[in-house]
Amino acid sequence: MRPPFRLSIEKLKKTYAERMVLDIDELVLDSGHAYALVGPNGSGKSTLLKILAGAIDASEGGVVVHGESNPEELRVGFMPQKSYSFGFSVFRNVALALEGSGLTRSEIGERVTSALDIVGISDLADARGSSLSGGEAQRMALARILVRDLDVALLDEPTASMDITATMLVEDVLTEYREKTGCLLLVATHAPSQARRIANSIVMLSEGKVVECGDAQDVLLQPTSAQGREFLSYWSV
Amino acid sequence: MGTSKKLIALIVAALSALLAFSLVACGGGSSSSSASSKSASASGSASSAASTQKVVRVSTTTSVNDSGLLPYLQPYFEKATGYTMEVTSAGTGAAIKKGETGDADALLVHAKASEEEFVNAGYGVERVPFMYNYFVIVGPANDPAGVKNTKSAAEAFKAIADSGSVFVSRGDDSGTNKKELQIWEAAGIDPSQQSWYVNAGAGMGATLTQAAERQGYTLTDKGTFLSNDAKKSLNIQLAESDDMKNTYTMIAVSPNKWPDTNIDGANAFIKWMTGDEASKLIADYGVEQYGEPLFYLLNK
Amino acid sequence: MNELVQAFSLMLTPGSELSQIVLLTLQMAAFSTVISTAIGVPLGVCVGLYGFPGKRLIMRLLNTLMGLPPVLAGLVVFFILSRSGPLGSLRLLYTLPAMVTAQVVLITPIVCGLSATAVSNVAPRMHETAHGMGLSRGRELFMLLYECRSQLVSILFVAFGRSIGEVGAVMLVGGNVQYKTRVMTTAIMLETNMGHFEYAVALGIVLLVISFIINSIALSLQERTMSPETQMVWNHSRAGRLGGLRK
């Protein structure tokens with residue numbers, strides 16, 4: 001387990017075609033914590049995750065890492081909203097995430113088997129990745145996160161296509177994973193119940209800005225901002 | 001998904017309807033325009049059924065077509081007879097074949113043996129030879145084979161073979177190609193397997209281009225040569241030798257084989273072509289541009 | 001029917017003119033396909049993969065060139081290789097290399113455009129996932145090509161089909177010289193001009209049968225070889241590392 005570190009997001013801006021989609025003055029995220037990233041559609045949740053994952057570049061500003069002398073060494077995993085499934089077997093789809101990890105072939109095999117077992121698709125190990133249903137594909141994508149020892153795990157609506165039992169399973173799995181690895185978990189979600197179950201803290205975005213940030217219970221029960229109150233009022237209905 | 005499929009189906013239906021409509025429109029447009037042009041040439045007197053008989057389909061060889069003679073004569077012919085001339089050109093073999101398949105009313109070709117075969121098989125009425133010119137041997141300006149000093153085509157070919165100079169043959173069984181092979185035979189040479197002998201399998205224009213590029217010799221009709229860019233890098237090295245005479249013949253396609261061919265039109269074409277007006281026009285053709293006629297009339 | 005039997009028996013007679021024409025045709029098509037895909041696929045992948053200024057213009061140009069009239073391509077190559085052209089001294093006109101050159105000019109834009117389209121259909125969807133899994137850029141590219149393999153193979157067939165069926169350009173720069181540059185299509189043209197319509201059709205059928213056999217062989221090979229072991233390749237790229245870092 002890596003010693004604790006802290007990500008400090010400072011003056012981060014992202015514009016698409018002159019439209020500001022993300023404008024975060026300051027946001028601090030600590031390792032070992034789980035954050036739920038909430039907010040209405042188009043509030044910039046996915047953009048923030050993609051920037052942190054390095055899949056896209058920020059227009060301005062960035063992330064400063066405290067407590068880690070070599071931030072390039074942090075292992076970051078990202079599960080996009082719609083994960084791509086390769087045409088070959090589910091097993092290889094997951095094993096691909098361990099390429100270059102230095103593990104032996106048999107170690108990779110063990111990890112993949114166990115990850116597929118955890119997300120409940122062991123029976124699909126030999127199926128083609130491209131033949132999976134939406135929910136199955138999401139489980140496979142989650143397995144790609146679970147096989148790795150991550151320092152930062154970024155997940156974009158990981159249970160969007162799953163039924164209620166699968167959703168609850170995934171929530172447990174994620175909590176367990178965080179406790180085991182001590183990673184920083186950042187999950188974008190649309191369900192308040194999920195936010196409460198997996199996260200210590202909630203970060204709420206609205207029109208690209210952070211409007212709420214704090215302990216999960218506090219934010220859910222006593223939102224401080226007008227946008228936060230409005231957003232949560234829909235949730236409680 | 002259902003709606004997008006419906007949308008696609010709608011688009012496909014709309015496109016195919018558009019296509020069908022445009023085809024009908026084009027077809028209608030072109031037929032009406034051609035009908036109007038026909039009736040105009042027939043002085044507006046012909047009914048639409050008769051107007052289809054007002055077209056004479058002349059099949060000729062590329063070398064005749066390339067010389068520009070028929071387009072030059074066409075307006076005079078149409079004015080004099082009221083017929084519309086439709087000229088198609090192809091290699092001699094294909095040009096004659098169109099007579100056999102009923103796709104032409106009259107032929108204007110220059111390959112005696114094939115013509116006789118065509119008439120003997122009953123496809124043509126009779127051969128009407130009416131004009132001639134001379135093939136010429138063209139080659140590079142420095143004339144490595146010394147063709148200039150020879151007296152006949154056979155002698156020239158022998159000189160070319162002896163010096164091993166490049167000779168580009170049309171190799172397409174055309175009238176020109178047949179003439180060339182006769183000359184080789186007369187010279188007692190079989191060039192077909194020689195390294196200097198290039199079988200181009202092409203029309204006269206492309207063959208001349210190839211001869212120019214390779215700086216080799218070839219046998220050509222004068223009209224095509226004079227109208228081709230090859231004359232910039234090739235010269236006429238031998239002309240008007242008796243063994244290079246090239247006789248042009250017209251043949252009306254026999255209605256016995258293909259009853260719907262326009263025999264009247266074909267006869268009118270042959271009659272006009274051998275008449276005084278055409279004779280004068282043919283004798284004048286090319287004089288202004290090249291300083292000499294491209295064709296000479298027989299028996300005049 | 002007689003012509004067809006004649007054409008096939010001639011083709012199968014070693015040393016006959018027709019068998020030589022068939023061999024030359026295959027040679028020409030093979031060279032043209034290999035060279036144009038070797039140039040066109042990497043170019044197309046780059047165009048499809050990266051956003052850069054002028055990309056729309058390049059795509060438009062590619063689409064225009066995909067409809068390049070063969071005769072025009074032939075004419076351009078003709079002028080370049082002609083005695084008075086810039087490369088005239090190479091004496092390449094009326095040779096197999098000249099024909100292949102014209103074909104490459106003709107086919108490369110097609111290969112390029114098609115592979116750009118194939119790649120750009122998959123790349124954006126794959127990029128986030130591959131990056132999020134920690135795949136290196138090189139490995140991601142390899143996986144991208146692997147995922148596009150069936151499109152790439154059909155692009156190969158399109159290229160081969162175009163080159164084996166091409167007439168205008170080949171006629172112009174090859175010159176249809178017997179035993180040297182006469183291929184199936186120009187032979188068909190020649191037979192047609194000579195009025196041997198039935199034999200010309202027979203040659204056409206021979207050409208189609210050859211195409212069919214080659215496509216079948218290639219397809220069955222493709223089915224057999226399309227599961228290469230995943231190689232563990234790693235170069236130190238930033239994938240799997242924290243993004244948005246301030247320097």
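Quick note on labels: first sequence line is chain A, next is B, and so on, each numbered from 1.
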Please report the closest heavy-atom contact between A/Ala55 and C/Glu128, naming both atoms and the distance.
CB-CG, 4.3 Å
Starting at CE of C/Met133, measure out to CG of A/Asn93 and round the result to the nearest 0.5 Å.
6.5 Å
Could you walk me through whether A/Phe78 and C/His131 pass the side-chain contact (heavy atoms from CB on, under 4.5 Å) check?
CA-CA 8 Å; A/Phe78 171 48; C/His131 197 88; over 6 Å; no
With side-chain contact (heavy atoms from CB on, under 4.5 Å) as the test, would you mind laying out the steps for C/Met143 and A/Phe88 before giving the verdict?
CA-CA 11 Å; C/Met143 295 315 294; A/Phe88 39 68; 3.2 Å; yes
So for A/Ser130, is it side chain, backbone, both, or neither that comes closer than 4.5 Å to the heavy atoms of chain C?
neither
Are more than 12 heavy atoms, taken from residues, nucleotides or ligands other than A/Glu176, located less than 6.0 Å from that residue's CD atom?
no
Inspect the surroundings of CD in C/Gln20 and state if more than 12 heavy atoms from other residues, nucleotides or ligands are less than 6.0 Å away.
yes
Got more than 12 heavy atoms from elsewhere within 6.0 Å of CZ, C/Phe31?
no
side-chain contact (heavy atoms from CB on, under 4.5 Å) assessment of C/Thr129 paired with A/Arg144:
CA-CA 10 Å; C/Thr129 302; A/Arg144 286 169 175 163; 3.2 Å; yes
Above 12 or not: heavy atoms from other molecules or residues under 6.0 Å from NZ of C/Lys55?
yes
If you count heavy atoms of other groups shown closer than 6.0 angstrom to CZ of A/Arg75, is the number above 12?
yes
Should the heavy atoms of other residues, nucleotides or ligands under 6.0 Å from CZ of C/Phe52 be counted, would the total exceed 12?
yes
Does any heavy atom of chain C fall under 4.5 Å from the side chain of A/Leu12, the backbone, both, or neither of them?
neither
Decide yes or no on side-chain contact (heavy atoms from CB on, under 4.5 Å) for A/Phe86 and C/Met126, but give the supporting numbers first.
CA-CA 9 Å; A/Phe86 292 93; C/Met126 184 191 287; 3.5 Å; yes
Please name the pair of heavy atoms, one in A/Leu96 and one in C/Leu135, separated by the smallest distance, quoted to 0.1 Å.
O-CD2, 3.5 Å
Is there a side-chain contact between A/Lys82 and C/Arg125, using heavy atoms and a 4.5 Å cut-off?
no
